[in-house]
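The chain is numbered in sequence order, starting from 1. Each ligand, and each atom within it, is numbered from 1 in the order the structure gives. None of the values given here were measured: they were computed from a predicted structure.
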Amino acid sequence: MKRLNRGKRIGFIGCGNMGSAILCGVLGNKIARSRQVVIYDAAIAKARRLGRLCRVKVAKGNVDLVRRVDVVLLAIKPQDLLALSSELRTLDHSKKILLSILAGTPVKKLRYHLGVRWDIVRAMPNLGAQVGEAVTVVTGGSAQARHVGVTVFSGCGPVVSLHERYIDLVTAVSGSGPAYFFLLMELLMKFSQAQGLSKKVAKSLAVQTALGASTLAKKSRYTPGELRSMVTSKKGTTEAALKHLTKKGFGNIFSQAVGRALSRSRELSAR
Ligand SMILES: NC(=O)c1ccc[n+]([C@@H]2O[C@H](COP(=O)([O-])OP(=O)(O)OC[C@H]3O[C@@H](n4cnc5c(N)ncnc54)[C@H](OP(=O)(O)O)[C@@H]3O)[C@@H](O)[C@H]2O)c1
């Protein structure tokens, strides 16, 4: 695993679901030592709690944080960007690296709000970050800043570097993706419960099946499509289910659904 240069310090603005998950990945995988890290959150009690738990310093505010670090990981909600921009605009941030995970917020917009001298990398992780199993796409910034981005996000799973034109697609596929798989698990649970299984057993069957399929798909040399064919015996139960899905146009419906997520991401990015 890569490490953040020992001379560099990283600050986390926003310590909610994603900020705290990325922080845990960074510290847990020794990408940075706790003394290299400073955090801040508008909900100061949250920052102090996380600071105690992870043994990292808590800044007095965002200005104080930016002054103390070389790299800023921005993990606030997109709607809070305007308020942050008024705090940070006058600060000298030349040569500092900004890693932003704000959905629907292009590099151009970040630069407009936060100032032109930041070396900005935009990243799209997903909810898997909370268990170290995200996939993150990074884009923008100088080669050095992107290298720092890859290093930081590798604490939460694999990282892929892509051109920014793919970010809306990535948002629709892997950003929103966990919810698609949750829905499948939810529907499997609902069906088994309707047939008399307890919630606990139904959850175990659905979730462990998803985990097994995902782990196999990750480790196998076969593609998910090939694995599906391999487990679909002629005239068997799986074939009966999959034939029905095909007949009812599930593939088309699903493609259209992800297409809707893509359009929505484009709409949000254009605002
Ligand atoms: N969740 C996902 O799966 C996912 C995936 C990819 C990207 N993202 C992106 O990740 C970002 C964070 O999402 P999240 O779910 O972690 O949100 P969250 O749990 O609401 O965390 C954001 C934190 O930032 C704090 N905050 C707001 N304004 C601030 C400011 N000016 N300075 C310092 N802290 C401030 C908030 O405090 P208050 O609560 O007091 O406002 C909150 O504690 C979003 O931009 C989202 O688009 C999320």
Side-chain angles (χ1 to χ4, degrees), residues 10-26 37-51 53-54 56-69 72-89 91 93 98-107 109-110 113-114 120-140 149 152-153 155-160 162 164 166-183 261 264-269 271:
I10 180 167
F12 286 69
I13 296 184
C15 305
N17 301 313
M18 294 302 284
S20 59
I22 297 163
L23 173 66
C24 290
V26 162
V37 177
V38 186
I39 62 172
Y40 182 71
D41 194 291
I44 192 66
K46 197 189 281 181
R48 290 201 180 117
R49 217 171 24 249
L50 191 66
L53 192 74
C54 298
V56 296
K57 292 185 199 87
V58 179
K60 291 191 195 88
N62 289 317
V63 171
D64 176 43
L65 179 141
V66 175
R67 283 201 177 116
R68 289 161 70 168
V69 301
V72 172
L73 187 298
L74 188 59
I76 60 173
K77 294 272 191 206
Q79 62 267 29
D80 293 323
L81 181 62
L82 205 60
L84 181 72
S85 76
S86 55
E87 266 185 272
L88 295 187
R89 241 189 181 285
L91 206 66
H93 52 262
L98 182 80
L99 308 175
S100 164
I101 64 163
L102 274 59
T105 313
V107 171
K109 191 169 176 182
L110 291 163
H113 283 293
L114 298 174
I120 300 177
V121 173
R122 184 179 173 196
M124 179 49 62
N126 67 13
L127 198 62
Q130 294 191 9
V131 289
E133 291 291 353
V135 57
T136 304
V137 167
V138 293
T139 187
V152 168
F153 289 106
C156 307
V159 185
V160 181
L162 287 178
E164 194 176 13
Y166 295 113
I167 282 278
D168 290 319
L169 172 67
V170 167
T171 305
V173 174
S174 57
S176 301
Y180 309 151
F181 291 97
F182 291 144
L183 175 66
R264 181 66 184 141
S265 183
R266 284 181 179 148
E267 261 171 43
L268 292 172
S269 299
R271 272 188 187 172

note = Heavy-atom closest pair (A134 atom, A129 atom, distance to 0.1 Å) is CB-N, 3.4 Å
task = List the closest protein heavy-atom neighbour of atom 3 (O) of ligand 1: residue, atom name, distance to the nearest 0.1 Å.
result = L127 N, 3.7 Å
request  = Step through the shown structure and confirm whether more than 12 heavy atoms of other residues, nucleotides or ligands are within 6.0 Å of CZ on R48.
outcome  = no
ask   = Taking all atoms of both residues into account, what is the closest heavy-atom pair of N126 and S174, and its distance?
value = ND2-O, 3.0 Å
note = heavy-atom search around atom 10 (O) of ligand 1 in the protein gives I101 CD1, 3.2 Å
inquiry  = Show me which atoms of ligand 1 lie under 4.0 Å from any heavy atom of D80.
reply    = 27 (C), 28 (N)
note = heavy-atom search around atom 19 (O) of ligand 1 in the protein gives N17 N, 3.0 Å
query = Is L84 close to ligand 1, meaning an N/O of one under 3.5 Å from an N/O of the other?
reply = no
inquiry  = Heavy-atom pairs closer than 4.0 Å: do any link ligand 1 to the side chain of N62, the backbone, both, or neither?
reply    = side chain
query = Out of S86, A75, P125, A129, whose heavy atom is nearest to atom 12 (C) of ligand 1?
reply = A75
remark   = Heavy-atom closest pair (L50 atom, C15 atom, distance to 0.1 Å) is CD2-CB, 3.7 Å
remark   = Between the CG atom in L127 and the SG atom in C156, the distance rounded to the nearest 0.5 Å is 11.5 Å
ask   = For ligand 1, which atoms have a heavy atom of M124 less than 4.0 angstrom away?
value = 6 (C)
task = Quick one: look at A103 and ligand 1, take heavy-atom pairs under 4.0 Å, and tell me if it's side chain, backbone, both or neither.
result = both
message = Considering non-hydrogen atoms of the protein only, which is the closest contact for atom 34 (N) of ligand 1, and what is the distance?
response = A42 N, 3.0 Å
inquiry  = Give me the residue, atom name and distance of the protein heavy atom closest to atom 40 (O) of ligand 1.
reply    = A43 CB, 3.8 Å
request  = Look at ligand 1 and say whether G175 reaches it with a heavy atom at a distance under 4.0 Å.
outcome  = no
task = Working to the nearest 0.5 Å, report the span between CD1 of I13 and CD1 of I39.
result = 11.5 Å
query = Looking only at non-hydrogen atoms, which of G128, G14, A47 approaches atom 24 (O) of ligand 1 most closely?
reply = G14
key: Per atom 23 (C) of ligand 1, closest listed option by heavy atom (I76, L81, D41)   = D41
request  = Might you confirm whether atom OH of Y166 has over 12 heavy atoms from other residues, nucleotides or ligands at distances under 6.0 Å?
outcome  = no
message = Please find the pair of heavy atoms, one from L65 and one from G11, that lie closest to each other, and give the distance.
response = CD2-CA, 3.9 Å
inquiry  = Below 4.0 Å, non-hydrogen atoms only: which portion of P178 touches ligand 1? Side chain, backbone, both or neither.
reply    = neither
request  = Start with the C-alpha gap between V170 and V160, add the side-chain angles, then the distance that decides, and say whether side-chain contact (heavy atoms from CB on, under 4.5 Å) holds.
outcome  = CA-CA 11 Å; V170 167; V160 181; over 6 Å; no
inquiry  = Would P78 count as a contact residue for ligand 1, given that I'm defining contact as a non-hydrogen atom of the residue lying under 4.0 Å from a ligand atom?
reply    = yes
request  = Please name the pair of heavy atoms, one in L114 and one in S85, separated by the smallest distance, quoted to 0.1 Å.
outcome  = CD2-CA, 3.8 Å
inquiry  = Going by the closest heavy atom to atom 39 (O) of ligand 1, which one wins out of M18, K77, K46?
reply    = K46
Heavy-atom check, side chain of V137 versus side chain of I167, under 4.5 Å = yes
key: Closest protein heavy atom to atom 21 (O) of ligand 1, given as residue, atom name and distance to 0.1 Å   = G16 CA, 3.2 Å
Shortest non-hydrogen separation from D168 to S265 and the atoms involved = OD1-OG, 2.7 Å
task = Check ligand 1 against I13 and write out every atom of the ligand that is under 4.0 Å from a heavy-atom position of the residue.
result = 32 (N), 33 (C)
